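Working notes, structure below.
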Amino acid sequence: MNEMDETVILEKASEAGFMINGEAVSYLMSCGLSVDALPILFSGIDASVFVIETSHLTALVSELDEKYKTVMLQGCKNAQGSEEAQGSEETQEMNRFVAKYPFESNPVLVLEDVSDKTASIGEYQQYVHYFRDRYTRISEMVRSRISARPIESIMKGRYVKPLSGSGNAEVAIIGMVSEKSFTNNQHIVLTLEDPTGIFPVLINRGEADLIETAEGLVLDEIIGVSGSLAPDGTILMASKIIQPDVPNNYISGRPKSEGYALFISDIHVGSKEFMKHEWETFIDFLNGINDNPQLRKIASEVRYLIVAGDVVEGIGIYPGQEHNLEITEIYEQYRTAAEYFRRIPKNIHIVIAPGNHDAVRRAEPQTTFEPKIQEMFPENVTFVGNPALISLGGITAEIYHGCSMDDMVASIKGVSYQAPTTGMIEMVKRRHLAPTYGSRVMISPEKKDYMVIDKVPDIIHCGHVHTVGVTNYKNILLINSGTWQAQTDFQKKVNIMPTPAKVPFVDLHTRKPGILDFNCLND
Ligand code: D5M
Ligand code: FE
Ligand code: ZN
C-alpha cells in the first residue's frame, strides 16, 4: 500500500483532472486518510474547479470520514470465530440479517447489446457500413461542438478555394484520423477521412497546445479541425482540434434511487492465482456475515452486482496458460463459478458480461454466454454481451470489459495501468470504447458500431487491467473494478501490479462511490 505523501496526492489529483495547491496538500496529509480515499474525495469536486483548495475539501473529508473511510478499510473482517461468540449481541444481530430490497424491486433493463443481433460476415461491404455508422453518429456530436461552419464533406472541401485576400477565413472539417505523422521539421500531418474522401491537416510545431493534443490522438478516432486553408487550397492549417467529448456542464436527468450497486470483474475462477479466501469473504459479506455493523447494513441494502467480464480464467487464452490452471476444463471452471454465484442472496440482481478470458467469441462486440453456461447460474443473473448498456432502475451503466485499455496505455501519454480511469476518460473524450481498429483489440465490423458511446451513461464500468479506480469525469462515474486474481508471472514480467479483492460500489441515493476492501491479511 502506498504511503500518503505529497507525490501521491499530486498524482491522484492530476489523475482526477485537477491541480492542487500546497495548503490543500498539507491539509490532506493531516487528515489520516487512506490513499484509496483520494480518488473518491476528488470525484466529489466540481469539474469546473481548476486548482483544488482546502475549502473544496473540508466538507468532503468529514463526509468521507464517517461514511467511507472505515468501510474501505474493514471489508475483510468477517465473522470467523463468531462461534465462540454465540449468543453475543453481534451474532444475534447477524442472525437477523434481512435483505431490504426484494428481487422484484431491482429491475435491470438491457438498453443495448449485440448478443441477439450479430450479423458480421467480415466482407468489405460490412467494413464500409461499420465505419459509416461510426462516422455518422460521432461526427454529429463533433458538429454540435464546433464553432466554425463545417464543410459538408471532404469531397466538397477540395473545391473550396480560399477567397483572394482573405486566405485565413476559418473553415472546419470533420473526419476520422486515418494517418498521423511527423514531418522532417517536427510539424504533425494528419489525414482526415470521411465517407467522401481524405484531406490533409497540418499542425504547426510552433503551437505547443495543438501539438500536444495532436500527439494524443489515436488512429480511427473522429475529430473536427478548424483552421485556414493553405493558399493553394490543398491542406488545412489547424488552429483548433475538437473531440466529441461530453459538454463540461453535462448534467444527466437520472432519477434519484436508493440502495447500492456493486461492481466487480476479472474473477478468473480456475486460475491458480484466484483469491478464493478473499472471494469467499466477499460472498459472506453479501450474506450479512461480517462483524462490522456498517458493512452488514450496506450488505442488506445491495440491489445490484455487476460483473464486467473474465468470470473464469478460461483455457488456451495465452501460450503456456496450462501451467497456471487449477481447473483445466472450461465447463468445470464455469460450474465452480456458478456455485459461488448460487451463494449470493437471491434478491440481488446480478448482471454478467464476458471478457477476453471467457468462452465466447473473441472479437468485440462479444456476444453473451451460450445457454449451456447460462443454465449453470441461478435465476437472479441477467447475461449480457460486451459491451452492453443497461439501466438499473433508471440509472444507466455502460459495461465494457476494457481490452482497448491495452491499446491506450501503449499509445496515449498519461494513460497507465495503475490509474485505469485515465484510459476511461480517453474513451469518453472520443465517445468510443475502442477507437483504434485493427490493433490489439479484435473488432468485428457489425452493421452498427456498438462501441460508440451514444447516450451518455451515468456510470461506465470496465475491468481487464486488474487495478481499481473510481473517478468522476463530467458527472459520469468511471469505475474500474479490479480483480480477484493475484499477480501472475506474466504480469510480474511486464510490471503490472494488480490491486485485487477490492469492490467499488455506488450509493444509488447519493450517487457517491466507495470501495470495499476484502484483503484479509490477518485472518
Ligand atoms: O488481463 C490482465 C492484465 O494483463 C491487464 O492489465 C492487461 C494485461 N495484459 C493481458 N494481456 C496482455 C498483453 N498481451 N500485453 C500486455 N498486457 C497484457 P487479462 O485479460 O486478465 O489477461
Ligand atoms: Fe482479467
Ligand atoms: Zn481481461
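Remember, it's 1-based here, ligands and their atoms both numbered in the order they're listed. For the numbers below, each heavy atom of this structure counts, side chains included, while hydrogens, waters and symmetry mates do not. Just so it is clear, the structure is predicted and the values come from calculations on it, not from any experiment.
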For the Zn ion (ligand 3), give me the closest N/O/S atom belonging to D310, just the atom name.
OD2
Between the main-chain N or O of G482 and the side-chain N or O of S265, is there a donor-acceptor pair closer than 3.5 Å?
yes
For a quick check under 3.5 Å, do Y400 and E364 share a side-chain donor-acceptor pair by atom type?
yes
Show me which atoms of ligand 1 lie under 4.0 Å from any heavy atom of H357.
19 (P), 20 (O), 21 (O), 22 (O)
Which heavy atom of L111 sits nearest a heavy atom of S391, and at what distance?
CD1-CB, 4.0 Å
Using a 4.0 Å cut-off to any heavy atom of Y417, which atoms of ligand 1 qualify?
6 (O), 17 (N)
Quick one: does V494 get an N or O within less than 3.5 Å of an N or O on ligand 1?
no
Which protein heavy atom lies closest to atom 1 (O) of ligand 1, and at what distance to 0.1 Å?
H464 O, 3.3 Å
Within the side chain of N292, is there an N or O that forms a donor-acceptor pair under 3.5 Å with the backbone of Q294?
yes
Atom nearest to the Zn ion (ligand 3) - H464, N, O or S atoms considered:
ND1
Electrostatic pair R430:E426 at N-O distance under 4.0 angstrom:
yes
Looking at R137 and D133, is any side-chain nitrogen of the basic one under 4.0 Å from a carboxylate oxygen of the acidic one?
yes
Go through the steps to decide whether K429 and E221 satisfy the test side-chain contact (heavy atoms from CB on, under 4.5 Å), and finish with yes or no.
CA-CA 10 Å; K429 284 186 177 166; E221 71 168 292; over 6 Å; no
Which residue and non-hydrogen atom of the protein lie closest to atom 8 (C) of ligand 1, and at what distance in Å?
I496 CD1, 3.6 Å
Against heavy atoms of F490, which atoms of ligand 1 measure under 4.0 Å?
9 (N), 10 (C), 11 (N), 12 (C), 13 (C), 15 (N), 16 (C), 17 (N), 18 (C)
In D266, the N, O or S atom nearest to the Fe ion (ligand 2) is which?
OD2
Identify, for atom 21 (O) of ligand 1, the protein heavy atom at the shortest distance, and state residue, atom and that distance.
H466 NE2, 2.9 Å
So, E446 and S444: side-chain donor and acceptor under 3.5 Å apart, yes or no?
yes
At less than 4.0 angstrom from any non-hydrogen atom of D310, what atoms of ligand 1 do you find?
19 (P), 20 (O), 21 (O)
Any nitrogen or oxygen of R440 lying under 3.5 Å from a nitrogen or oxygen in ligand 1? Just yes or no.
no
Answer yes when R134 and D220 have at least one side-chain N-carboxylate O distance shorter than 4.0 Å, and no when they do not.
no
Does ligand 1 have any atom sitting under 4.0 Å from a heavy atom of Q485?
no
Which N, O or S atom name in D310 marks its closest approach to the Fe ion (ligand 2)?
OD2
For the Fe ion (ligand 2), decide whether H466 has an N, O or S atom at a distance under 2.8 Å.
yes
With distance as the sole test, does T422 use its side chain to make a donor-acceptor pair with the main-chain N or O of V415 at under 3.5 Å?
no
On a heavy-atom basis, I'd like to know which of D406, V465, D358, I317 is closest to atom 7 (C) of ligand 1.
D406
Judged by atom type as modelled, is there a donor-acceptor pair below 3.5 Å linking the side chain of K180 to the main-chain atoms of E215?
yes
Show which atoms of ligand 1 fall inside a sub-4.0 Å distance from at least one heavy-atom site of N356.
20 (O)
Is H268 close enough to the Fe ion (ligand 2) that one of its N, O or S atoms comes in under 2.8 Å?
yes
Would the distance check show the side chain of Q333 and the main-chain N or O of I327 forming a donor-acceptor pair, the cut-off being under 3.5 Å?
yes
Pick one: which of F369, Y340, F383 meets ring-ring contact (aromatic ring centres under 6.0 Å, His included) with F377?
F383
Looking at Q491, which atoms of ligand 1 are within less than 4.0 Å of one of its heavy atoms?
2 (C), 3 (C), 4 (O)
Please state whether the separation between the Zn ion (ligand 3) and some N/O/S atom of H401 is under 2.8 Å?
yes
For H268, counting its heavy atoms only, list the atoms of ligand 1 lying under 4.0 Å from any of them.
21 (O)
